[in-house]
Amino acid sequence: MFGLVDGNNFYVSCERVFQPRLNGRPVVVLSNNDGNVVSRSPEAKQIGIAMGAPYFEIRGLLQQQRGYALSSNYPLYGDISRRVMARLADQVPAIEVYSIDEAFLDLHGLTKWLGSLDAHARRMRRDVLACTGIPTCVGMATTKTLAKVANRLAKKYPELEGILRLDTESRRERALRALPAADVWGIGRQYAQVLTAHGIRTAWDLAGVGETWARKNLGGVVGWRLIQELRGQPCQGLQPSEDGTLSRQSLRCSRSFGQPLTTFDDVWGALSTYMAKAAEKLRTQGGQAHLLTVFICKSQYDSRVRPPYTRSTTLTLPGGATSDTLLLLAYGRRLLERIYESGHSYVKAGVVLDGLEPPGRGLQLDLFAAAGSASPANDAKSKVLMQTIDAVNKQFGRNSVRPASSVASGNAPPWQSKALWRTPAYTTRLEDLLVVRVLLNK
DNA sequence: TCTGGGGTCCTAGGACCC
DNA sequence: TCTGGGGTCCTAGGACCC
């Protein structure tokens, strides 16, 4: 039996923990750059604000309803997520952290010890709420996909009180009939259109399609697995997270710019900033990457711009896997030169580190390497240099040592994202801790 | 005026290996 | 005129997820 626990309106719930005045009001959290709505309180959903809506389209409505819009505060959400996952991990044999606000639970064999699974799920919800302030829903079923279905319905129908268990044929059928096919995990916009065109409306209809049809229309073997999971046949196991964190195969840093950029130097300024961040993150995990991808995007919303909107290029690092910022910057600049076209304006750029390897795998040497590239001696020097940079940045602030290319001549760099309504990092920055004053009666 | 960021998995052709 | 079988890796792109 799998469980799926998921935080309700997670980002909004995190904000409400520290700002009770947000309770009962329409609240939205915006994406980086204050662009789109990425989390909505129930009150915001009720007045018709759609997920992903551009902020400029809903601003009027929100003001009129005396609601709040907040910039996203990822350090806060990440920290609260960690606390939620730790509470859950304490109460089940194994947990797979699936995203910042979701985890699959291993519930196998628990009934033997705990009696009712529903009672255990209720206890977990109470515990997470009491310890972190985050409300959750729990779905339980024999496959991950059905656990997602159960979770979805538990959220949709308040009378279920946040819990739904699908462990009999009749319950499964009732649930699948109640869920639109488009809401099934793994059915996105494209596939939803295909299903509509074929008269497939509910998850129950979807569970009835044949193997050939599923493989042909729903992305090959992935689609067929989805169908089997809906039928109760598990195709995916639990992939336990080590110490409650995600183990990753790739790592990315990308941002939309605060304004469109039209020069190579500005785009490189932004990109080198992101590369330094990505490399630092990689070192924090103790890993190395052997694939480097750079991409730049033009505006999809500008009618003068023709597709493709994104250009990307990938390099297998000739010296083998690395986490050396300077080496990555040197290769990254060459990759940007490959795809950058002058005379265009760019709105976003990013870097992806792929092919992640744990440290200590041994350095792959390049027989024809030029001086200055990978060699055991250089590798040792680079390691010391990176450790020093990380230590300095930890002690004196994040940007104390950074690539010269990321230092803008003016005040704020032109690529700097907007975040006009960011709340404090209540739980991760000492200066931002709330102060509680106690008034004593004399 | 203003439209996110960070992930996963799969496919498929071509180069190259023995 | 005739030209293998079984692999891996690289690269790009497309779908999905929260």
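Both backbone and side-chain heavy atoms feed into the values below; hydrogens, waters and symmetry mates do not. Labels below follow one simple rule: chain letters A, B, ... track the order of the sequence lines, proteins then strands, and each chain is numbered from 1. As the structure is a computational prediction, the values presented were derived from the model and not from experiment.
- As judged by a 4.0 angstrom heavy-atom cut-off over every strand, A:G186 is placed among residues touching the sugar-phosphate backbone only.
- Residue contacts for A:R311: at a heavy-atom cut-off of 4.0 Å it reaches no nucleic acid atom on any strand shown.
- One interatomic measurement links the two molecules: CZ of A:F104 to P of C:dC17, which rounds to 12 Å at whole-angstrom precision.
- A:I389 places a side-chain heavy atom less than 4.5 Å from the side chain of A:N393.
- Minimum atom distance to the side chain of A:R225 is reached by B:dC9, of the listed B:dC9, B:dG5, C:dT11.
- Computed from coordinates, the A:Y74 OH to C:dC18 P distance equals 15 Å when rounded to whole Å.
- Per the geometry, NZ belonging to A:K144 stands 12 Å off C1' belonging to C:dC17, to the nearest Å.
- Closest to the A:F56 side chain, of the nucleotides C:dC10, C:dC16, B:dC2, is B:dC2.
- Within the 4.0 angstrom heavy-atom criterion, only backbone atoms of the sugar-phosphate kind lie near A:D101; the bases stay farther away.
- Taking only side-chain nitrogens and oxygens, A:T314 comes nearer than 4.0 Å to OP1 or OP2 of C:dA12.
- If A:P54 and A:L251 are placed on DNA chain B by their nearest nucleotide, the residue sitting closer to the 5' end is A:P54.
- Checking B:dC2, C:dC16, C:dC18 against the side-chain heavy atoms of A:Q190 singles out C:dC16 as nearest.
- The side chain of A:K148 contributes an N or O atom lying less than 4.0 Å from OP1 or OP2 of C:dC18.
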Original post:
Step by step, would you call A:L176 with A:V184 a side-chain contact (heavy atoms from CB on, under 4.5 Å)?
Top reply: CA-CA 9 Å; A:L176 293 185; A:V184 170; 5.9 Å; no
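- For A:C253, taking side-chain heavy atoms from C-beta onward, the closest of the listed nucleotides B:dC10, B:dG6, B:dT3 is B:dG6.
- With distances taken from any side-chain atom of A:N32 to the nucleotides B:dC10, B:dG4, C:dT11, the minimum falls on B:dG4.
- The base-pairing partner of B:dG7, taking Watson-Crick or G-U wobble contacts with both distances under 3.5 Å, is C:dC16.
- If you measure from atom CG of A:N217 to atom C1' of C:dC16, you get 16 Å, rounded to the nearest angstrom.
- Across all strands, A:F10 comes closer than 4.0 Å to no nucleic acid atom at all (heavy-atom distances).
- Note: A:Y346 and A:Y340 have tilted aromatic rings, judged against thresholds of 30 and 60 degrees for the angle between ring planes.
- At a threshold of 4.0 angstrom between heavy atoms, the contacts of A:N33 with the nucleic acid are absent.
- Counting non-hydrogen atoms under 4.0 angstrom, A:L218 reaches nothing in the nucleic acid.
- Within 4.0 Å (heavy atoms only), A:R59 reaches at least one base atom of the nucleic acid.
- Across all strands shown, A:G188 has heavy atoms under 4.0 Å from sugar-phosphate atoms exclusively, and none from any base.
- If you check every strand for non-hydrogen atoms under 4.0 Å, A:K418 touches nothing.
- Note: CG (A:L195) to P (C:dA15) measures 14 Å, nearest angstrom.
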Would you check, one step at a time, whether the test side-chain contact (heavy atoms from CB on, under 4.5 Å) holds for A:L179 with A:L153?
-> CA-CA 8 Å; A:L179 192 74; A:L153 294 171; 4.0 Å; yes
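- The CZ-P distance, from A:R255 to B:dG7, rounds to 11 Å in whole Å.
- Here A:W185 and A:F104 bring their ring centres to under 6.0 angstrom of each other.
- A 4.5 Å side-chain heavy-atom check between A:E102 and A:K148 finds at least one atom pair inside the cut-off.
- For the C1' atom pair drawn from B:dC16 and C:dG4, the interatomic distance equals 15 Å after rounding to whole Å.
- Among the heavy atoms of the strands, none lies under 4.0 Å from A:L30.
- Separation of atoms CZ (A:R201) and CG (A:L195) is listed at 12.0 Å; rounding is to 0.5 Å.
- The residue A:V37 sits apart from the nucleic acid: no heavy atom pair falls under 4.0 Å.
- Between B:dG5 and A:K281, no contact under 4.0 Å exists linking OP1 or OP2 to a side-chain N or O.
- A straight line from CG of A:D183 to C1' of C:dC17 spans 14 Å, rounded to a whole angstrom.
- The CD1-P distance, from A:I100 to B:dG6, rounds to 12 Å in whole Å.
- Put simply, A:S256 has a side-chain N or O that comes within less than 4.0 Å of OP1 or OP2 on B:dG4.
- For C:dA12, neither phosphate oxygen OP1 nor OP2 lies less than 4.0 angstrom from any side-chain nitrogen or oxygen of A:S312.
- Ring orientation note: the planes of A:Y11 and A:Y74 are nearly perpendicular, at an angle over 60° on the 30°/60° scale.
- Between A:S250 and B:dT8 there is a side-chain polar atom (N or O) within less than 4.0 angstrom of OP1 or OP2.
- The side chain of A:S254 contributes an N or O atom lying less than 4.0 Å from OP1 or OP2 of B:dG6.
- Comparing atom distances between the A:R252 side chain and each of B:dT3, C:dC18, B:dG6 picks out B:dG6 as nearest.
- Distance from the side chain of A:Q249 is smallest for B:dC9 among the nucleotides C:dA12, B:dG7, B:dC9.
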